[in-house]
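Let me begin by presenting the structure, written as structure tokens, before commenting on it.
Because the structure is a prediction, the values reported are computed rather than measured.
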Amino acid sequence: MKFERDERKFDFHDIGCEIKRKRETSGMTQDQLAFIIDRDPRTIIYNENDGQHPSLNTFYQMVTMFDISVDQFFYPDMSADDACKKRINTLAALTLDRFGYWCYTLNNRNG
């Protein structure tokens, strides 16, 4: 098996613009967001305007705070319906796994 270096680079600019749009729509300032996620306001400016990559934790905080679906940015060739179906299938599988575990636990507790 041949392994090659993955040279893909993720352009954060579009997600940064979406974070900015959602932040402004909510009436929040960059300073307020920076305070909430415990970052310097310059970091917010760089993420929103320059496409600078945030840390994973900062990214998670911002996209969940503003309810931003990242599927459209990570999988631009996937339609919204496909992304929705993927999320539904994942949630269904997770629910079935938990239900199965619950049933197994319940049966073993009584048996």
Side-chain angles (χ1 to χ4, degrees):
M1 175 181 277
K2 183 177 177 182
F3 294 98
E4 294 182 23
R5 183 178 298 266
D6 186 348
E7 298 293 335
R8 294 177 296 172
K9 301 289 185 205
F10 183 74
D11 182 4
F12 191 79
H13 189 263
D14 289 340
I15 294 179
C17 289
E18 182 67 7
I19 290 169
K20 181 177 184 175
R21 187 183 72 74
K22 294 276 192 147
R23 178 188 55 74
E24 289 175 341
T25 300
S26 73
M28 186 183 297
T29 67
Q30 289 175 328
D31 287 338
Q32 290 168 330
L33 176 57
F35 177 78
I36 291 169
I37 64 173
D38 195 27
R39 295 290 176 262
D40 189 275
R42 287 177 297 190
T43 300
I44 306 304
I45 292 168
Y46 296 147
N47 294 153
E48 289 182 350
N49 299 328
D50 298 339
Q52 184 180 48
H53 293 215
S55 69
L56 181 58
N57 190 50
T58 300
F59 174 72
Y60 175 76
Q61 287 175 306
M62 290 189 293
V63 297
T64 56
M65 178 184 306
F66 297 119
D67 196 27
I68 298 170
S69 173
V70 296
D71 286 351
Q72 63 184 325
F73 302 105
F74 289 160
Y75 305 104
D77 297 332
M78 187 182 294
S79 72
D81 286 344
D82 290 340
C84 184
K85 288 176 190 174
K86 182 179 175 183
R87 276 195 297 277
I88 290 170
N89 289 337
T90 301
L91 287 171
L94 181 62
T95 302
L96 288 173
D97 286 347
R98 287 183 178 168
F99 181 73
Y101 176 77
W102 178 78
C103 289
Y104 173 80
T105 304
L106 185 64
N107 286 335
N108 285 334
R109 196 177 299 161
N110 295 330

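- Annotation: the span from Gln61 atom CD to Ile19 atom CD1 amounts to 11.0 Å, rounded to 0.5 Å.
- Gln30 pairs with exactly one of Ile45, Thr43, Asn47 by the side chain to side chain contact (heavy atoms under 4.5 Å, CB included) rule, that one being Ile45.
- Shortest non-hydrogen contact noted between Leu33 and Glu48 is CD2-OE2, 4.3 Å.
- Here the CD1 atom belonging to Ile68 is positioned 6.0 Å from the NZ atom belonging to Lys22, to the nearest 0.5 angstrom.
- For Phe10, the CZ atom sits in a packed shell: over 12 heavy atoms of surrounding residues, nucleotides or ligands are nearer than 6.0 Å.
- Here the side chains of Met62 and Arg39 are not in contact, with every heavy-atom distance at 4.5 Å or above.
- Legend: residues meeting side-chain hydrogen bond (donor to acceptor under 3.5 Å, both in side chains) with Gln52, ordered by chain and number and at least two apart, are absent.
- Rounding to the nearest 0.5 Å places CD of Glu24 at 10.5 Å from OG1 of Thr29.
- A heavy-atom distance below 4.5 Å is not found between the side chains of Phe73 and Val63.
- By the 6.0 Å contact criterion, CG on Asp38 is open, its count of non-hydrogen atoms from other residues, nucleotides or ligands being 12 or less.
- Residues satisfying the ring pair (Phe, Tyr, Trp, His ring centres under 6.0 Å) criterion with Phe59, sequence neighbours excluded, are Phe12.
- One finds the CG atom of Asp31 at 11.0 Å from the CD1 atom of Ile36 (value rounded to the nearest 0.5 Å).
- Taking OG of Ser26 as the start and CG of Asp67 as the end, the distance is 12.0 Å to the nearest 0.5 Å.
- Across every non-hydrogen atom of Gln32 and Met28, the tightest pair is OE1-CA, 3.3 Å.
- A distance of 11.0 Å separates CZ in Arg21 from CZ in Phe66, rounded to the nearest 0.5 Å.
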Output, in order, the C-alpha distance, side-chain angles, deciding distance and verdict of side-chain contact (heavy atoms from CB on, under 4.5 Å) for Ile44 and Ile37. CA-CA 10 Å; Ile44 306 304; Ile37 64 173; 3.6 Å; yes
